[in-house]
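In what follows, every chain begins at residue 1, and chains take the letters A, B, ... in the order their sequences are listed.
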Protein chains: 2
Amino acid sequence: MEPEKVRAPNIRDVARLAGVSYQTVSRVLNEHVSIRESTKQRVLDVIEEIGYRPNQAARALVTSRSRTIGVLTAQNADYGPTTSVTAIEHAAREAGYRITITSIASNEYPSIKAALDQLQMQAVEAIVVIAPQVRVLEAIRELDITVPYVTLQNADLGGDRSMSVDQVAGGRLATQHLIDLGHTEIMHISGPQDWIEAEARMQGYLEALNDKDLRTRAPILGDWSAHFGYYAGLELLRLKDFTAMFAGNDQMALGFIHACWDSGLSVPGDMSVVGFDDIPEAAHFFPPLTTVRQNFPEIGRRAVSLLLTELQGGTATHGQIMPELVIRRSTAPPAR
Amino acid sequence: MEPEKVRAPNIRDVARLAGVSYQTVSRVLNEHVSIRESTKQRVLDVIEEIGYRPNQAARALVTSRSRTIGVLTAQNADYGPTTSVTAIEHAAREAGYRITITSIASNEYPSIKAALDQLQMQAVEAIVVIAPQVRVLEAIRELDITVPYVTLQNADLGGDRSMSVDQVAGGRLATQHLIDLGHTEIMHISGPQDWIEAEARMQGYLEALNDKDLRTRAPILGDWSAHFGYYAGLELLRLKDFTAMFAGNDQMALGFIHACWDSGLSVPGDMSVVGFDDIPEAAHFFPPLTTVRQNFPEIGRRAVSLLLTELQGGTATHGQIMPELVIRRSTAPPAR
DNA sequence: CCGTTGTTTGTGTACGTTCACATTCCCGTC
DNA sequence: GACGGGAATGTGAACGTACACAAACAACGG
């Protein structure tokens, strides 16, 4: 009984029913000033009645503005990145923007290029890059993106295009805390070598130790997982020539603590452990984890607001947020 | 020195440089069969050379196909949902689709409607709903969506539009395991009342106890967080009239275990604990957590493949995936 | 009463692509 | 050597919207 093909109502349908021209409808939609209140209301009534929805594609085509922010992520679903994505989505929506997500399939150049191509095909107006590998940032630099973008990682190469938590400062904070407690033999399990954050946290660790002329050690390169922390821990604890561990993130810290218990060591009695990120679970580890807190939602929000001001022609101040040390029960002075 | 406004190259630019008509270029782009290999190559070369990218908006406008799958999520960034989103993005991309994410600001009807409106304005071809509250599914039912959609939660109301892990079976699995160990006084901390999964897991818990004529108790309604598990645990353990706990998710299990230690109880010596989800960290809790594993990536993949077959006119089999009990060290027979 | 100004509304066109249809080309066949 | 017929290519729409410009209308002062 229904007509064969129900075409969605368009701006002309609304105009006809409201007894105005399509342009008037367009003006109502775009909140143009010069429109009589009565006609505006009439148009709005019709829109409501027939359930008209503006066609985004047509809009995007004619304005060449998509009102979309692209988010480029790595393939994994870590706590930090996903928290930031959520914050980005929120901030974007409040500003009338949508987000579209593309993840890179691998760290290789073709994959990165494909992902950015896809975003550009969608005519995103700005891009947030969460993919935290060095190579990704390098690739982005080379591909000279035509839209404003911001990276949530601070590569030195990134310069002024980043909005991030100061990872070096975080690494220093963690290490300094252990030093202050009296530890002199401090080990570090880092993230993967090509990750920007891993590199920076490691640098903070090394700087803090060097400042006090303490022995530095070649950090173990991990993969951020609790599993790695565990197995690396089992291995390292056979020697146990250190009394404190700074783990590159909370998950590895958790795995390492697990290894401590399995090796008959008590935390923090025999071994102090500091993590990084302050995931919500960290407060309930056994023992509750001393860690470095990053404000991921804040980063996401700031990234969006930064992009939005740039889109409006302003110049925004990129920059860094300071992390914060959260002291819990996993650290104590070394046993003597 | 550069021209004022650099317009992106379009299909006609390509045509001119390749010495063909714009339609021929279009045919190359759409992999039409009747095209000579030599001309096809010539066009592709030009495309490569000038860095031409098809305009998605124009495409979407004329075909009224956006090649986009919309994802509707809740505002939180839990492990399960985000893992599924990643899987969805992957599966979609392999099929040539993009995803756009919208989260609902609150559980209220207007917010849900706004989110769905936004997705429809973007002309998404299909929708994946991850928002796990009962009200969201009800709202979706009422709003009669015109595109195929699938929910990753199985509300009974959902019927055949869901692709999910059987949460009731999971709840039974967890509870049955505790019964098999000899526990008769089993407590349950559930998720929030209006969450579909919370309800279903609770139902599995109640069913398993009823089957054996064991005492059921009014479950505590939590909020999924480790914090809640901790504080609820401190409270519950003042009575300690139970020997086993089935927590609605791993985070609450972690918090509860924390409360056990703080209350001087050993896990699993004095108290057995089972979680739900099997987040990667669960294997390294203290003690490693017995839990119910959900295959989130699989769910995401299946949801997409289901939608894609529906988009091609086929009828797909919705359905459920069985969860799996992972036995670790947090459960043991009750102390006698 | 007319020109001036400002407000409100209407008309043509462009955005970049695909679809339907028309045309040309090439090759084998009678 | 003209004739079919399929393969390859070209031409004119159309999708739904916003922008530039034009027109209608009202208000106001000289």
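OP1 and OP2 of C:dC15 both lie 4.0 Å or more from every side-chain N or O belonging to B:Asn10. When the side-chain nitrogen and oxygen atoms of A:Ser26 are compared with OP1 and OP2 of D:dT17, none of them lie within a distance under 4.0 Å. Residue A:Ser34 has no polar side-chain atom (N or O) positioned under 4.0 Å from OP1 or OP2 of C:dT7.
Counting to the nearest Å, the P atom of C:dC15 and the CG atom of B:Asn55 are 12 Å from each other. Remark: C1' of D:dA18 and CG of B:Leu61 are 13 Å apart, rounded to the nearest angstrom. Computed from coordinates, the B:Arg65 CZ to D:dC15 P distance equals 19 Å when rounded to whole Å. When the C1' atom of D:dA14 is taken as reference, atom OH of B:Tyr22 falls 11 Å away, rounded to whole Å. B:Arg12 places its CZ atom 13 Å from the P atom of D:dG10, with the value rounded to the nearest Å. Per the geometry, CZ belonging to A:Arg36 stands 11 Å off C1' belonging to D:dA24, to the nearest Å. Look at NE2 on A:His32: it is 13 Å from C1' on D:dC21, rounded to the nearest Å. The distance between atom CZ of B:Arg59 and atom P of C:dC19, rounded to the nearest whole Å, is 10 Å.
Backbone-only engagement by B:Thr39 is indicated by non-hydrogen atom pairs under 4.0 Å involving sugar-phosphate atoms exclusively. Across all strands shown, B:Thr63 has heavy atoms under 4.0 Å from sugar-phosphate atoms exclusively, and none from any base. Residue contacts shown for B:Thr24 are limited to sugar-phosphate atoms, with no base heavy atom under 4.0 Å away. If you check every strand for non-hydrogen atoms under 4.0 Å, B:Ile35 touches sugar and phosphate atoms only.
A:Arg161 forms a cation-pi arrangement with A:Tyr149, by the criterion of a distance under 6.0 Å to the ring centre and an angle within 45° of the ring axis.
Using a 4.0 Å cut-off between charged nitrogen and carboxylate oxygen, B:Arg16 and B:Asp13 count as a salt-bridge pair.
Positionally, the nearest nucleotide of DNA chain D for B:Ser38 lies more toward the 5' end than for the other of B:Val62 and B:Ser38.
Under 3.5 Å, the side chain of A:Arg27 and the base of C:dT8 form no donor-acceptor pair of N or O atoms. For A:Arg53 against D:dG16, a side-chain-to-base donor-acceptor contact under 3.5 Å is absent.
In this structure, CG on B:Leu44 lies 12.5 Å from CD on B:Glu49, to the nearest 0.5 angstrom.
Among the nucleotides D:dA20, C:dC15, C:dT18, the one closest to the side chain of A:Gln23 is D:dA20.
Between the side chain of A:Thr83 and the main chain of A:Pro81, no donor-acceptor pair closer than 3.5 Å is present.
Side-chain atoms of B:Arg93 and A:Ser103 include a donor-acceptor pair closer than 3.5 Å.
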